[in-house]
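A single structure is presented below for examination.
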Amino acid sequence: MTTQKYNKGDYVIYGVNGICVVEDVRMQKPAYGDGVEQLFYILRRLEKANLTITVPADSEKLMGKMRELFSKDEIDALLLGARDHVIEWIDDKRERADLFRHIMMLGVREDLILMIRCIYLQKQRLLQRGKKLNIADEEALKTAEKLVREEFAYSLGITPESVGAYIRNALRIDDIIDEAELMPDD
């Protein structure tokens with residue numbers, strides 16, 4: 001028998017779906033398999049209230065996508081820890097796109113933060129030379145930001161529009177830019 005990890009009314013993150021509320025926890029027969037009742041979590045997206053996600057508690061893979069929201073202290077610790085780690089810019093577009101897709105698929109918040117910083121710094125380097133990010137990198141940045149924005153805004157009690165500045169400040173990205181570390185390596 002699977003033990004219950006979450007309760008009705010808990011707020012969780014479910015993969016790339018963002019914040020969900022556990023609307024119900026119940027025993028039911030799955031739509032597949034042997035028809036034996038199992039424990040299921042019924043999740044409802046905050047952003048899209050008409051979207052319901054049913055997660056079988058005995059599925060390690062699907063349960064691995066569900067986790068509690070970070071607290072403010074956990075977010076601050078995550079950002080502080082990320083200061084000393086970097087994802088280096090990869091010049092090969094295909095290799096870089098594969099890495100970014102992998103990071104977004106896994107949804108590990110520290111890796112998403114490092115990815116955001118990596119792309120943001122490259123964007124600033126390019127702007128200094130009068131250039132722009134390519135569309136794929138710009139989309140990767142927007143997607144990664146969206147994945148952390150909702151949770152961070154909710155947990156920090158700030159507007160979603162303030163999350164980027166909060167992250168840049170915590171990671172001291174603006175200090176890096178001010179120190180002219182973005183100058184191209186010619």
Side-chain angles (χ1 to χ4, degrees), residues 1-82 85 87 90 94-119 136-160 163-164 166-167:
M1 176 96 181
T2 304
T3 58
Q4 185 173 324
K5 186 173 179 180
Y6 302 101
N7 296 303
K8 186 175 180 177
D10 286 350
Y11 287 88
V12 297
I13 293 290
Y14 187 70
V16 296
N17 291 286
I19 299 176
C20 299
V21 63
V22 178
E23 191 170 82
D24 198 9
V25 181
R26 65 178 173 234
M27 298 295 290
Q28 69 182 40
K29 291 182 181 180
Y32 56 89
D34 58 13
V36 174
E37 281 196 341
Q38 299 176 30
L39 182 66
F40 281 85
Y41 294 99
I42 312 303
L43 309 179
R44 180 154 320 270
R45 287 270 294 119
L46 284 189
E47 218 173 71
K48 297 178 182 174
N50 61 341
L51 177 63
T52 301
I53 304 165
T54 304
V55 183
D58 67 346
S59 171
E60 194 173 315
K61 180 179 179 183
L62 296 177
M63 287 299 295
K65 294 180 178 186
M66 192 162 53
R67 66 168 178 76
E68 294 178 10
L69 296 176
F70 283 145
S71 68
K72 180 186 183 319
D73 290 342
E74 289 170 323
I75 290 171
D76 289 341
L78 171 81
L79 293 171
L80 182 62
H85 299 93
I87 293 176
I90 300 170
R94 178 173 284 144
E95 189 178 333
R96 184 174 66 244
D98 288 345
L99 173 65
F100 291 165
R101 256 191 309 280
H102 181 74
I103 288 170
M104 288 185 285
M105 182 187 71
L106 292 178
V108 175
R109 294 307 186 247
E110 182 176 13
D111 293 342
L112 286 167
I113 294 297
L114 295 175
M115 180 182 137
I116 290 168
R117 178 172 56 188
C118 173
I119 298 171
D137 293 325
E138 191 68 52
E139 286 301 313
L141 178 60
K142 286 179 186 176
T143 301
E145 286 176 336
K146 182 186 180 308
L147 289 172
V148 298
R149 183 182 304 120
E150 181 182 19
E151 177 181 9
F152 283 23
Y154 185 88
S155 296
L156 296 169
I158 61 177
T159 65
V163 170
Y166 190 92
I167 292 170

Using a strict threshold of under 4.0 Å (side-chain N to carboxylate O), is an ion pair present between Asp76 and Lys72?
yes
For Ile90 and Arg96, the nearest pair of non-hydrogen atoms, with its separation, is O-NH1, 2.5 Å
With the threshold set at 4.0 Å, does a side-chain nitrogen-carboxylate oxygen contact exist between Glu151 and Arg67?
yes
Looking at Gln38 and Pro56, what are the two nearest heavy atoms and their distance?
OE1-CB, 4.0 Å
Compare every heavy atom of Arg45 with every heavy atom of Ile53, then report the nearest pair and how far apart it is.
CD1-CG, 4.3 Å
Which atom pair, heavy atoms only, marks the closest approach of Asp111 to Ile87?
O-CD1, 3.9 Å
What's the separation between atom CG in Asn17 and atom CD in Glu150, rounded to the nearest 0.5 Å?
9.5 Å
Heavy atoms, side chains only, cut-off 4.5 Å: are Thr143 and Phe100 in contact?
no
Taking the side chain as every heavy atom from C-beta outward, state whether Leu62 and Tyr14 have any pair of such atoms under 4.5 Å apart.
yes
In Å, rounded to the nearest 0.5 Å, how long is the span from CG of Leu78 to CZ of Phe152?
5.0 Å
Side-chain touch Leu141/Ile116, heavy atoms, less than 4.5 angstrom
yes
Please examine the side chains of Tyr166 and Leu79, heavy atoms only from C-beta on, and report whether any two atoms are closer than 4.5 Å.
yes
Closest non-hydrogen atom pair between Asp137 and Ile119, with its separation:
O-CG2, 3.8 Å
pair Val22-Leu43: side-chain heavy atoms closer than 4.5 Å
yes
For the pair Tyr6 and Tyr41, name the ring-plane relationship: parallel under 30°, tilted 30 to 60°, perpendicular over 60°.
perpendicular
Please round to the nearest 0.5 Å and tell me the distance separating atom NE2 of His102 and atom CE of Met115.
12.0 Å
Please report the interatomic distance CG(Leu69) to OH(Tyr11), rounded to the nearest 0.5 Å.
9.5 Å
Take Arg109 and Glu74 through the salt bridge (charged side-chain N to carboxylate O under 4.0 Å, His left out) test and state the conclusion after the steps.
CA-CA 11 Å; Arg109 294 307 186 247; Glu74 289 170 323; over 6 Å; no
When rounded to the nearest 0.5 angstrom, what distance separates NZ in Lys65 from SG in Cys20?
11.5 Å
Do Leu39 and Val25 have side-chain heavy atoms sitting under 4.5 Å apart?
yes
Could you give the distance from CD (Gln28) to CD (Glu37), rounded to the nearest 0.5 Å?
8.5 Å
4.5 Å side-chain heavy-atom contact, Ile103 and Val108:
no
